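Read through the structure below, which is laid out as structure tokens, and then see the notes.
This structure is a prediction, so every number in the text was calculated from the model and none was measured.
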Amino acid sequence: MTQKPKFAMYWAASCGGCEIAVLNIHEKILDVDKNFEVVFWPVAMDAKYKDVEQMQDGEILLTLFNGSIRNQENEHMAQLLRRKSKLLVAFGSCANEGCIPGLANLSTAAQIFDTAYSTPSTDNPQGIRPQFQVQVAEGTLTIPVFNPVLRPLAQVVDVDYYIPGCPPESHQIAAVIDVVIAVLEGKAELPPKGSFLGVGDSTVCDECPRTRNEKQVRQFTRIQEMKEIDPNLCLLEQGLVCNGPATASGCGALCPAAGATCAGCYGPPLGVLDAGARMISSLASIVDEHDPRKIDITLDDLVDPTGVFYRFGLAGSLLQTGKASWNKN
Amino acid sequence: MTSSSGKNGNHRVGVYVCHCGSNIAGVVNVFEVAKWAQENLADQGVVVAKEYKFMCSSLGQKLIEEDIQKEKLDRVVVAACSPHLHEKTFRGAAARAGLNPYLCEMASVREQVSWVTEDKQMATEKAKAMVSAAVARVRQHEPLDPIRVPINSSTLVVGGGIAGIQASLEIANSGFHVYLVEREPSIGGHMAQFDKTFPTLDCAACILTPRMSEAGMHPNIELLTWSEVENVEGYLGNYTVTVRKKARYVDVSLCTGCGICQQKCPRKVIDETFDAGIGYRKAIYTPFEQAVPKFPVLDRDNCTYFEKGTCRACEKFCAPGAIKLDDQDEIVQLNVGNVILATGYDTFDARRIPRYGYGKLPNVFTSIEFERMCNAAGPTNGAIVLRDGKTPPKSVGIIHCVGSRDHKYNSYCSAICCMQSLKFAHMVKERTGADVFNFYIDMRTAAKDYDEFYQKVLEEGTNLIRGKVAEVTDGGLFDEKPGQLIMQVEDTLIGKQRRIPVDMVILAIALEPRHDATAVAHQFGISCSTNGWFTEKHPKLDPVATMTDGIFIAGCASGPKDIPSSVAQGSAAAARVVSYIQQKELSLEPVRASINAEQCSGCRICNNLCPFNAISFDEVNLVSEVHQALCQGCGTCVAACPAGAITGTGFTNEQVLAQIEGLLRVPVHLETAHPVAV
Amino acid sequence: MKYLFYPGCSLHSTSSAYLDSLHAIEGKLGFELSEVEDWNCCGANEYIALHRIPSYALIARNLALAEEQQNGAQTLVAACSACYVNLARTAKYMGTDKELNARVNDALGAGGMHYTAGSVEVRHILDLMCNKLGACKIKKMVERPLSGLRVAPYYGCMVLRPDPDNRWRDPESPTALEELILATGADLVDFPLRTHCCSGHMPQITTETSLDLIRRLVEGAVKSGADLLITTCPLCQLNIDGYQAQMNKFFGTSYSMPIIFFTQLIGLAFGLSPKAVGIGKEIVSAAPALARIGVKEEAAPVTSRRPPKDTGLPMPRMPKAYGDEL
Amino acid sequence: MDHTPRRLFALIKAGEMEEVLQSNTPWYCVSCYFCMIRCPQEIHITDLMYGLKTLAYQRGYTHNNKATHLSTTFAGYIERYGRAFELGIAARHYLRHPPKDLLGTGRMGTAMILKGRLKFLPERIKGTTQLNKILTRAKELETAL
Amino acid sequence: MQERFEPMIIGFTCNWCSYRAADMAGTGRVKYPANVRLVRLMCSGRLDPTFVMKALAGGADGVLITGCHPGECHYIEQNYKALRRVTLLKRVLEPMGIDPRRVKLVWASAAEGVHLAQEITKFVEEIRELGALNWQLRTRVPDMAVSMHQLEEVAP
């Protein structure tokens, strides 16, 4: 039998949700198996780093890399898989723009460790802290060194394609897999390098079923503070801070449709440098106040704007990277 | 490495650094700048960089033109003075050389560098930065063409006061059509209410009525009285205005203006408007004899027929059967190229200052009431009498600045009250021989022949007391003569409190913006000052234009004025309009926003950000659209669009971001290295 | 409703009638006035004439006490107009003027006290009755309508001016006492001088000046056809009441215009006995006027509007200031 | 009143503080606050008058005896008892400056007493010492305007 | 030459008021530090927070935004939008470790050349006080192994 192209999937700093999403494509997974030889997928099968290290450069055709780069191990694997793969795909929000783990960049590494090891919620009477290197009788023990800032994949290695979402919607994944297979069968061309796959042209509002009117916000509120939510009216118009307007479409507006504000997991839409900046700009524009004092009062109700606007995009944001990690086309 | 100069990689850019004699070269090392550009901006596509004594000179321009052709330049950067000064010049040069003018960018190294910086070295570095920014920016430029719009030759004039009448006549006389919209039943405005006009004391009616009838009969003027503007759409050259012609209940095609209906109407009503509340009219009425048009209107709120369904006296007696009790409001659409707002002013409500007793003490009058009283055609046929309607006053007190120059009411000066009050003083003396006391804070008579008039009034023996009246009380309370009014005042010239008994008090009330001024401003897309008057484009150099092209203002709408200035403004606004109409079509800067329908999600955040109503929502495709000719190019929507679907020509994200990178490329100071932009 | 109460020196002496009547009606009004423990004099207009910071400190001590003693009730009510203005101004200025606040609290510190700006809301009892309770409610409580009694309102100065907390729509044309008078069923007399000065402490300084001011008020009230005046201020009451005899002597007049506190009038309307509300403590006796109470003749309401005569010119329309709902 | 408020302020602007502080105008101010709500420039005239009185008093311009004496007498009682004592104040003040209409004043006094409107003994607050501590400290921190 | 820190400041002006004010400062030969480099927009309403972030990320130590005085905007009320955006932007920047004082909004009419120059001078001094932002050093720490005490130093 002829050699099937090799497929790999790896999780760096991530929750594993992306893997679930992949399995969520149901029967389609059989097509993957039919067309690929899965060589490395820690979640799904037993494999050792050294096996990968022994491969030829570029031996793997397609690697779906999810999770962000939090420590030296993540970084090592990113570089390794980059070397070994023809196509490296930043898969899911973490790999794309840092996602929830990226919010750690708002604190110093020291603060992070304090929270992890010395807050009341931690049972650590001796106040033990992890040591990257420990001398024991048998020799030196090391654990992966913790990087001071968390970075999306593209800031560490060169990335071929991006599939955003937390996690990427299964139907989008399926579609991408179809494309890849079509390419393998010579029926289609690869999209240009750096393309975004499984994303729409517009923003979540485009797919949102709620009715929208001209916007004037006098008071912001939070979903838990609302007595009742109009099931058909735009959430923003009800004073809820919804990231939909500045988030790439592709998810089918699941959250707003269900009455929850869009958290922004699909990242900025095409050609936008920084989703947060767009939210700041557009929200501030529709606040219906002219008096500085009143403006402050209104904005006081917009709790933790940084967290709200950058819940997923912080590590990939214009400011955090100093580099437009998000430079599409 | 630049994130924003992704597309159009290889350009051929020419950089031209101007000495401006020693203006720039005296501080900035222009040679170094040019050299630096040549060497360090090669990666940015700079192929030539030259300095020259005077770039704006014909030789300097020639230099650029030649290079464009010789060096096949497709972008030009001129580092010289402010673009507000010479942008046109250099764009012109580029155009002459066959390059789209909008592919030429300027760096203001004179106004922003050489003239304002002491340290020559830092100046030179800043100049470099600005050049590199201009280069980075111009690489992102795209060829543009100015927008052309035709101009409709009809004009809408709102407000039939003297300013509006004047403007209408000027335009009509130069052969163009005018729609004159007036809220009241007749044109004439406040001036028609007055008796005499200062300082010449010629009778207002005598000089106004000819103008009114001229406007009424002019073939190019279409009067829409008893009408109000409902809605305005469009832009310079092409406005569509919706006007509501309120039901008159009189068929003007049949009415002869004989006035029998008014005689026969049994219903007497206080005339709050024209007679300022001190006279009566009928329920069906023309505000005054010389009204233009002469057709009456029926005031349905006070008409017995509309209350009880009976009466119909007017109908019975009207020979031509012009009374039309089933009349309805009519909506008309006007297409005009320009608009002149001459909406005039309201008067201050003297009840707001209870200590002057207006509304409580019968013999306290406002200036506008007194104007009506003096008017020969007014409720007293010109007799100056007390509220009882017969007794002439033996002494009269006139208070200046009522509601003006007072932080509690209006902090501004109403400009006309001093002269008006002096005019009153004169008329009281002339007609009743009563003693007159004028209470003023400062005397403001600064215009032709005004101070002469003041002198004249002084010589007539008017008592001028410098001081703000504290209060007006009923003398009846104390041993002072009953029925008299006591004016309590500190005479600041002698530094004493005085209690001056008078029979009649006249309050020279302030001029205020129309109660609906802000609404009107919003309707026409112009702005109001903090005091509520319409703001002019430039208070000195462009006093009759507004920030919105094609909307002009005249008369008191933009602030208190006397009749001469209002008339002058009427003519001025007319002249501006005619000059536009003569151009037939207009070319506008192509700095405009446009929406990419693909990317637009129809979130509608941009929809009411535009003060010029240029953004509309396409209900069918659920996307927003920008109307090119309405758009003024401020770019607010561009910055606000959450989807990044709106781009603004001339100031695109790419252009600005590139410019920022360019600026950051050069450290502020040689010694302080800075991380370069990425 | 529980309130902290600052009576001020006068209510403990020269104006005990004010205090009596206030306590007599507070229950019915649903107020519970608890006097601030160990309050000190506000210094009237005298102390502040000599010292600035000390006088603010003097007043602030009361605010500090109020802050300490406020359990639930954060409103401090004053009945004397001068006390009210002093307290209100100090509270206000300490909130706006940081430097003053610092100095005053430094001084309070010397006595182991502190006042947190904004922690106490200062209001005058009249403001409370009209703007919080409302004349309509009071009207409902009236058991003995005082119809036939022609009452003129007299505010004096400080309850209205400078009005540091903007309690009144227009301090120049107040309507509070008017509403209360109408509520009691008495006939409202239009008294043009109702917001004029009673001459304050002038009797002790230039008697002539003050006697003239008092004369104008009394004469004005008489000419307006009032049976009696009601006021909100101990000093106004004292000057008009106490010095009326000297005034008459000085000008050779023989006016007799009783002046009582508005709380006394309300008390009477509530059906309390004249004694219970301190009637009789006034020097110019209100008894003759009060003799009318109960007389049921409907006196024509006094109004300032004159209907236009045939020859006459119409008067400007006036917005109805008060009494619509009464 | 030797200067109108307007002139007083003009004098201040002109730097004629001497004349300003000697003026009796501020002492004629009964603080009716009419000026404050009527001034078209919204100047806090009454407060200014207090300030001028304070300055004049503290710089020893106590030319206008009656008014200053009334204030000082009043202040004396407050500092001693913490409350005003009308009878005492009146008595002391009238001893210094006997009223023209002695008889009338006497009558009024007796009437007041008979009506129980004048106490014979001053009320004294508990915290007199505390109050004086506060006032002494406050006087150290004094600034007139 | 001198050691004192020379901040890099990017300024945004509106075409109608503040840019003309800058011109006026020029014609009036009013001197101000060369640290501020201006970018012309049509209106302060065009100000996109992205620009500010771009500047800060790209090495600017401060950003100055200027526009017509409230109520005097050439586009009627767009400068209020700038006001609101800057207010919100500052609130977002602070948690990211950027002192909100590094972003400043200043009103200057076309006539206020001197005023603008003064404001610029003032702002340069304020930023000099705050010191260098060094944003890129703070966001892109070297990828070598870091010991705990090094971690402590790492901003934000």
With a 4.5 angstrom heavy-atom cut-off, could you sort out which part of [X] is near chain D: side chain, backbone, both or neither?
X: C:L238; answer: both
X: C:V85; answer: side chain
X: C:S55; answer: neither
X: C:S16; answer: side chain
X: C:D163; answer: neither
X: C:K249; answer: side chain
X: C:A245; answer: neither

Partner chain C: residue of [options] with the largest heavy-atom pair count (under 4.5 Å):
options: D:G109, D:A138, D:C29; value: D:A138
options: D:S31, D:P26, D:A75; value: D:S31
options: D:N132, D:I37, D:L87; value: D:I37

Chain C contact via [X] - which portion, at a heavy-atom distance below 4.5 Å:
X: D:T72; value: both
X: D:T105; value: both
X: D:I78; value: side chain
X: D:Y57; value: side chain
X: D:E123; value: side chain
X: D:H44; value: side chain
X: D:Y94; value: side chain
X: D:K139; value: both

Do [X] and [Y] meet the criterion of a side-chain donor-acceptor pair at a distance under 3.5 Å?
X: C:Y243; Y: D:D101; value: no
X: D:E142; Y: C:H51; value: no
X: C:T14; Y: D:E86; value: no
X: C:R61; Y: D:Q130; value: yes
X: D:T143; Y: C:R52; value: yes
X: C:N45; Y: D:Y50; value: yes

Report yes or no: does [X] contribute a side-chain atom to a donor-acceptor pair with the main-chain N or O of [Y] at less than 3.5 Å?
X: C:D38; Y: D:K126; value: yes
X: C:R103; Y: D:L141; value: yes
X: D:K115; Y: C:I283; value: no
X: D:R83; Y: C:W39; value: yes

Item to check | C:H201 and D:F74 aromatic centres sub-6.0 Å | outcome: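 Distance test on ring centres: not under 6.0 Å, no.
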For [X] and [Y], which heavy atoms make the closest approach, and how far apart are they?
X: D:Y28; Y: C:M202; value: O-CE, 3.2 Å
X: D:L70; Y: C:Q204; value: CD2-CB, 3.9 Å
X: C:A57; Y: D:I134; value: CB-CG2, 3.9 Å

Item to check | Within 6.0 Å of CZ in D:R80, more than 12 heavy atoms from elsewhere | outcome: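 Counting other residues, nucleotides and ligands, CZ of D:R80 exceeds 12 neighbours.
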Checklist entry - For atom CD of C:E37, is the number of surrounding heavy atoms from other residues, nucleotides or ligands below 6.0 Å larger than 12? => result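 Result for CD/C:E37: open.
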Checklist entry - Is D:R38 paired with C:E172 through a side-chain N to carboxylate O contact shorter than 4.0 Å? => result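 Looking at C:E172 and D:R38, the cut-off is met.
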Item to check | Options C:D106, C:T195, C:L108, C:T207, ranked by heavy-atom pairs under 4.5 Å with chain D, top entry | outcome: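 Of the options given, most contacts go to C:D106.
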Checklist entry - Picking from C:R89, C:M113, C:M158, which has the most non-hydrogen pairs under 4.5 angstrom with chain D? => result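 So the answer, after comparing C:R89, C:M113, C:M158, is C:R89.
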